[in-house]
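Just so we're clear, the structure is a prediction, and the values are computed from it rather than from any experiment.
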Amino acid sequence: MLTRTQQLMIIGAIIFVCLIPFWLVNSSAQDEIFIGADEQAEGIVAKIAPDYEPWFRPFFEPPSAEIESLLFALQAALGAGVLGYYLGSKRKTSKDESKC
């Protein structure tokens with residue numbers, strides 16, 4: 001059992017670790033440092049073959065980059081929830097079987 005001081009130290013360490021990237025990254029030097037892999041690939045393709053036209057268009061394009069990020073985060077959260085639920089139910093099942 002952790003004492004209150006240990007809990008506060010752990011919470012402080014987590015907050016510190018989460019804030020480190022904001023101190024390490026100099027956003028004024030590179031404005032688009034958090035650009036996605038898709039956009040980087042589009043830039044490289046545009047450099048290599050400027051006349052290239054994609055043969056496939058997505059069925060749905062989000063109206064803005066923020067909504068696209070939101071949908072990506074929701075997808076990741078949903079996947080993590082499903083995986084966590086599956087692992088939790090498997091663990092409970094194995095515990096119940098070991099009791100019998």
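For D51, there are no salt bridge (charged side-chain N to carboxylate O under 4.0 Å, His left out) partners two or more places apart in sequence or in a different chain.
In this structure, I10 belongs to a hydrophobic cluster whose other members, linked by side-chain heavy atoms under 4.5 Å apart, are L2, I14. Think of Y52 as one node in a network of Ile, Leu, Val, Met, Phe, Trp and Tyr side chains linked at under 4.5 Å; its network also takes in V45, W55, F56, F59. Here Y85 sits alone; no ILVMFWY side chain lies under 4.5 Å from its own, so it joins no hydrophobic cluster.
Rounding to the nearest 0.5 Å gives a distance of 10.0 Å between CG of L87 and NZ of K90.
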Pair up each side-chain donor or acceptor in residues 68-82 with any protein partner under 3.5 Å, not counting sequence neighbours, and list the distances.
| from | atom 1 | to | atom 2 | distance (Å) |
| --- | --- | --- | --- | --- |
| S69 | OG | A65 | O | 3.1 |

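Counting heavy atoms of neighbouring residues, nucleotides and ligands inside a 6.0 Å radius, atom CG of D38 does not exceed 12 of them.
At least one side-chain heavy atom of T5 sits less than 4.5 Å from a side-chain heavy atom of M9.
No chain of hydrophobic side-chain contacts below 4.5 Å, direct or via other Ile, Leu, Val, Met, Phe, Trp or Tyr residues, connects L8 to F16. Placement of V17 and F22 in two distinct hydrophobic clusters is found when ILVMFWY residues are connected by side-chain heavy-atom separations under 4.5 Å, directly or transitively.
Contacts classified as salt bridge (charged side-chain N to carboxylate O under 4.0 Å, His left out) and involving residues 53-64 (residues at least two apart or in different chains) are not found.
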